[in-house]
Amino acid sequence: MENRFRARFCVLILLACSIYSGFTLVGAQNRRPKNVQVAVRAKWSGTPLLLEAGELLSKESKNLFWEFIDDWLLHVAKTDGDSHSAKDCVKKILKHGSFLLSEPLAPLFGYSLSLRSASPRLVLYRQLAEESLSSFPLPDDSYSNNERGLDANETADIKKFDPLLVGVNPKSPGGKCCWVDTGGALFFDVADLLLWLQRPNELSGDASQQPETYDFDHIHFDSNIMSPVAILYGALGTDCFRGFHVTLTQAAKEGKVNYVVRPVLPSGCEAEVGLCGAVGARDSLNLGGYGVELALKNMEYKAMDDSAIKKGVTLEDPRTEDLNQEVRGFIFSKILERKPDLTSEIMAFRDYLLSSTISDTLDVWELKDLGHQTAQRIVQASDPLQSMQEINQNFPSVVSSLSRMKLNDSIKDEIIANQKMIPPGKSLMALNGALINIEDIDLYLLIDLVHQELSLADQFSKLKIPHSTVRKLLLTVTPPELNMFRVDFRSAHVHYLNNLEEDAMYRRWRNNINEILVPVFPGQPHYIRKNLYHAVYVLDPATSIDMITSFYENTFPMRFGVILYSAQFIKKIEMSGGELHSSALEHDSEIENDKSSLIIQLFIYIKENHGPQTAFQFLSNVNRLRIESAESTEEAVEMHHIEGAFVETELSKAKSSPQEILLKLKKQQTFKEMSQESSLSVFKLGVGTLQCCLLMNGLVFDSSEEALINAMSDELPRIQEQVYYGHINSRTDVLDKFLSENGISRYNPQILADGKVKRRFVSLASSILGGDSVLNEINYLHSPETVDDVKAVTHLLAVDVTSKKGIKLLREGIHYLHAYAVYQIGGTKGARVGVLFSASQTADLPSLLLTKTFEITAASYSHKKKVLDFLDQLCSFYEHKYILRSTTAAESNQEFVDKVYELGEANELFSKAYKFSLPEASDLKLREHLNKVSQFLYRQLGIPSGVNAIITNGRVTPLGASVFLSDDLHLLESVEFKHRINHIVEIIEEVNWQDVDPDMLTSKYISDVIMFVSSSMATRDRSTESARFEILNAEYSAVVVNNENSSIHIDAVVDPLSPSGQKLSSLLRVLAKYAHPSMRIVLNPLSSLGDLPLKNYYRYVVPTMDDFSSTDYTVNGPKAFFANMPLSKTLTMNLDVPEPWLVEPVIAIHDLDNIFLENLGDTRTLQAVFELEALVLTGHCAEKDHGPPRGLQLILGTKNTPHLVDTIVMANLGYWQMKVHPGVWYLQLAPGRSSELYFFRDGVDDGSQEKSLSKRIAINDLRGNVVHLEVVKKKGKEHEKLLISSDVDNQSKDKRGHSSWNSKIFEWASSFIGGRDHSKKSDDCLKVSFLLIIHKSLLLVYLVCLCCNIFHLV
């Protein structure tokens, strides 16, 4: 009976389901699931993937580009028929490219190719190719037939090229797909090129007509940089490219040309490049690396307030799930009782049913632990990163399932414990220890950072460094750059005006140092009887010191002093090449009659006899007499001003006649020597070139009043910190403490980068690993008795042997190793010096013999005690004999060789090696070697021919017009060792070298490794900030992936239910797949939620291999796809693109702000296409020693069309921005007032203003560019204003009308506070006094208000 009842019941159920299905069939068809698809395409047409692969390989190594070309030309013809689709072609390209790379770099190469990150570089080459065709006037009869010629219409089309059309492919000129541009001619056939190669001097024309080359160009490694430039425009895979490439490669090997390739596939040549060569060129270019969100509009999720629930009603525990509740007709508690072995599958089905509908409401208690439940779901998943991505990118659909999940208390407790050390919801990410800005991170930047780390790891592995050490090196975070260098100026040449600790005028002040911690009114200084601030001005005494005396007379809490020097004397020293005791200086008439030196002599005399106050009064008198007798304040000091000031100062104090004293002092040698020593001390400090400057406790500032106040404000928190921690007390000499800890003996702005001039680094490891390198041939010089010691610092001197500056640098390098330094520091013990000689083509034989002599000496006699003496004497002889004056060739050659023998014997160096090698030295071989060095300096280090430079562990310091001394080398060694070499040395010293032959483990080998590693790590472009992720617990609430073989380690703290978590989940999955890093991802959700944290669907678009068709040669590109979106909800589409991108919709049938999918009808998928309209070029502009030049007009364009876009500089940080596209652009000052007043400053002022009127900017990626500009006013325009308003004159008249009234107010206020007669003080004094009035008056108001409050309380 029971079985019969069950059968009838089942039949009824089936019948009901059938009837229900029939009624709902029509409705179901109308409510079929809807999808949304979004794509972003580039504005330019597609680029060939084959050419993109070559560009990606060139980023790894310039030589890999040429190896890839040769490999493809050698093998592609044999295997061209096995590629039947775009996917097959991509696999073939990846096979040939990956063969040239190490195993860790190959996956990232493939992913970068699918990301199309090199496409902008090819668009840049298109622009240059179009300029090559359009700017050169082709002869009418050069190519008259169809096979070789250009008809009139095509020529006209080229000339009508519109530079605003982005990425337009140049048309195939006359059916030709390749051409060679030599600047004077275009060659479309190999035969014509061969004819030109036979007589290049005739056909190349003027050298100035040669085409310009750029840093990103592909220059053949066998090319001679001094030869005529030949640029090949064409695409790998075409027959013409093969013919031109073979011809130009052979010509480059013979030294005939400087061979350059710019990959371009002209329009109409797709059929000529082969099946795989054209893949990607015919299709539009869809981009990846951006996010798309569909936000639920109008806050449709509402949390219910549980405060209205009646008392006595037991609430359901949110951490348990009631399986007795019906879910879509199923009661899962009974199903689980019957099928306990299928628990996981049944619960998964239940979750699917719960998430298939969007809830309209969510209770507050369901929200409370939602973050913790999400973390639990992620860490317990088989693929945590995929789980995190599915949850936070589809959160509205899975939130119901998450809220019913039973929570593990251990996960919650660990999250709460971690949040005691990091704020809840905070997200952080670090790559190999360096923090990444999550707000600005995008896929392109992340791939570049990972590639950078993998490339370094590959270089270090090739140096045979163990993998454990490689990981330790990569995890090391370079400390931030030190911008606070204090010049140790302590000497007898500092003349102080006052002493706060001893002078009677400060006796009323309290001497408790702890009072500096007491808060004061903003701008109010602390009046403490302690020398906390030492303001020492380095100045020529011919300038004014009224500001110093004004501050002093107004009892400003600061110790003032001066170091005096003669600008003319220092100029003479620099002209003599830094020779401090040159004979030319001793009998120089200009120095004998130098007025500044005379002022210094008189100042020292007055100070010794009458005290510092009288001496400073003498300086003020000199300036006053100059101003009174001159028509303008810029008139120079005359002798009668000095004499009059001295007589006026001495008249009331001297016992004898001041005139007689003056005559005696002029003849007295003692004070003259003291004057010269004072100037020499300034030259040694290196601050003489700054004219007048301020040393605030050793920190270098401008000498203005504003700079003094700012310097004091900057120094205050540093002193307060030291006092707070007890490092400074009442007995501490503050100046001695600061200068002893951070003092440097010499200031050189070229070495101590101030942030405006970016230091340049090059990797020396990449050059030596590329094959035969000149670095392998260098023999180093050492300080005596330190040859066998490991040297952490290596100075490579790039010396032009034919120039006076080059020989001077060479001698200073020798003095640096020996005890010849200015400060008698002695030879360095922790550095070595190598020399890279270069010379012009016209160098004579003695110059070549000098380089050969250095080579022999460094190789055979570097361990000898007197080897440095020998080299210094030889350089001195060469300089005086061959640089300063010329000699006949025959006599000079033999005389030089004889001198080498003589000096060798005198310094106990056996001349056998010299006698064997020098007579046999081949002029041709020596020139070839010098040419090889010149090419290495230019290509690998970016040092042009004829430029002298210093390469310190990869840091390139080109020498300008200023003098570079051996003490500067000491400074360079100290700065670089402390900042970026010391921590590397500590790691290398602990290495257990297992794969290295013990006989090779010499001090030279270890020193080379330190040099290569430190230079490579200095090229890393990453943050110097780090965080201590290890203090966070990661046992229950973290995703940990261990991979000891990986060189990449990711530390992250992620809130999975946050917008940053949505993007990071996709980025982390990409890294996990292609970089295989070790990961430690600590989940940090908000602990208590009152509302849903995410109210959107999100997709981050990343490319895959499925973007390439497997049936034809189509490349579809990546797209964002949202499947089964809710029909009844209103959605708003937003794009999360990289910051430099400007995108706009080009295909959007529906309103993207109000998407209602139910209204689509029969359409299953809503499609939207956006286009990358432009990239934003941003920058900051500053005027040297001033604020931003507000209103400065900038224009941007090409060579042919200089003005395409324009902008103005804002007052806010000098910000400016422009729209650009991939290409080579020129940023210029707009014609008119901007270009009339200013020119660009290039960091090193070479005195050429014409070359600084524009800046070249190359846009060759999708990451945009930030340009920092500095402008300087032209000579004679310093006081003119950029913006002139119409009412300026009226305002100036009004100001002049009130000037007398203001002066009386200043005078009254100054006398009121100071209690003395200030009628004779200058305007500077009055300004300072008025500042003190404000401070004291505001303090009085503050005290009155405080008393009033106390009275009110009583």
inquiry  = Show, in sequence, the C-alpha distance, side-chain angles and deciding distance for V687 and V682, and conclude whether the side-chain contact (heavy atoms from CB on, under 4.5 Å) test is met.
reply    = CA-CA 6 Å; V687 293; V682 172; 4.0 Å; yes

message = Can a donor-acceptor pair be found, under 3.5 Å and without considering hydrogens, that links the side chain of K1273 to the backbone of E1280?
response = yes

task = Find the distance between OG (S703) and CG (L708) and round it off to the nearest 0.5 Å.
result = 10.0 Å

query = Would you say the side chain of L716 lies within less than 4.5 Å of the side chain of Y533, judging by non-hydrogen atoms?
reply = yes

message = With heavy-atom distances below 4.5 Å as the criterion, would you say the side chains of M558 and M696 are in contact?
response = yes

request  = Please answer whether the main-chain N or O of T555 pairs with a side-chain N or O of N498 as donor and acceptor at a distance below 3.5 Å.
outcome  = no

request  = Evaluate the side-chain proximity of I600 to S679: yes if any heavy-atom separation is below 4.5 Å, no if none is.
outcome  = yes

task = Mark yes when over 12 heavy atoms from residues, nucleotides or ligands other than Y1215 sit less than 6.0 Å from its OH; otherwise mark no.
result = yes

task = First locate atom CD1 of I627, then atom CG of D546, and finally report the distance between them rounded to the nearest 0.5 Å.
result = 6.5 Å

key: T549 vs F560 side-chain heavy atoms within contact, under 4.5 Å   = no

message = For L500, is there any backbone N or O sitting under 3.5 Å from a side-chain donor or acceptor partner on N531?
response = yes

query = Does the side chain of L1237 reach to within under 4.5 Å of the side chain of L1192, using non-hydrogen atoms?
reply = no

query = Quick one: does Q720's side chain get under 4.5 Å of V723's, heavy atoms only?
reply = no

inquiry  = Tell me if a side-chain donor or acceptor on N554 pairs with a main-chain N or O of F556 at a distance below 3.5 Å.
reply    = no

note = Correct closest heavy-atom pair for I438 and S1060 would be CG2-CB, 3.7 Å

request  = With rounding to the nearest 0.5 Å, note down the distance linking CZ in F1029 to CG in L428.
outcome  = 5.0 Å

request  = Answer yes or no: is there a donor N or O on one side and an acceptor on the other, between the side chain of D503 and the main chain of M505, under 3.5 Å?
outcome  = no

request  = Give the minimum heavy-atom separation between C1181 and V1271, together with the two atoms involved.
outcome  = SG-CG1, 4.0 Å

remark   = To the nearest 0.5 Å, atom CD1 of I516 lies from atom CD1 of I528 at 5.0 Å

task = Return the orientation label for the H1180 and H1268 ring planes: parallel under 30°, perpendicular over 60°, tilted otherwise.
result = parallel

query = Donor-acceptor pair, Q1193 side chain versus T1207 backbone, under 3.5 Å?
reply = no

task = Mind running salt bridge (Lys or Arg N to Asp or Glu O under 4.0 Å) on R486 and E715 for me, showing each step along the way?
result = CA-CA 12 Å; R486 299 181 186 270; E715 192 75 343; 2.9 Å; yes

query = Any idea which heavy atoms bring H979 and H983 closest together, and the distance?
reply = O-CE1, 4.0 Å

task = State the CZ-CG distance between R490 and L739, to the nearest 0.5 angstrom.
result = 5.0 Å

Other residues, nucleotides, ligands: >12 heavy atoms within 6.0 Å of R529 CZ = yes

message = So Y537 and I545, do their side chains get closer than 4.5 Å, heavy atoms only?
response = no

remark   = The reported gap from CG in N623 to CZ in R626 (rounded to nearest 0.5 angstrom) is 4.5 Å

query = So with a 6.0 Å cut-off around CD of E741, is the heavy-atom count from everything else above 12?
reply = yes

message = How close do M547 and S704 get, counting heavy atoms only, and between which atoms?
response = SD-C, 4.0 Å

key: Polar side-chain atom of S678 near backbone of L564 as donor-acceptor pair, under 3.5 Å   = yes

Salt bridge (Lys or Arg N to Asp or Glu O under 4.0 Å) assessment of R718 paired with E721 = CA-CA 5 Å; R718 303 186 190 107; E721 181 183 1; over 6 Å; no

ask   = Backbone N or O of S745 within a donor-acceptor pair of the K684 side chain at under 3.5 Å?
value = no

message = Is a donor from one side chain sitting under 3.5 angstrom from an acceptor on the other, for T732 and N729?
response = yes

inquiry  = Main chain of K426, side chain of N1084: is a donor-acceptor contact present, judged purely on distance under 3.5 Å?
reply    = yes

key: Beyond-backbone contact of S1087 with I416, side-chain heavy atoms, under 4.5 angstrom   = yes

request  = Taking R1233 for its side chain and L1283 for its backbone only, find out whether a donor-acceptor pair lies under 3.5 Å.
outcome  = no

request  = Among F616, F618, Y565, find the residue that satisfies the ring-ring contact (aromatic ring centres under 6.0 Å, His included) test when tested with F603.
outcome  = F616

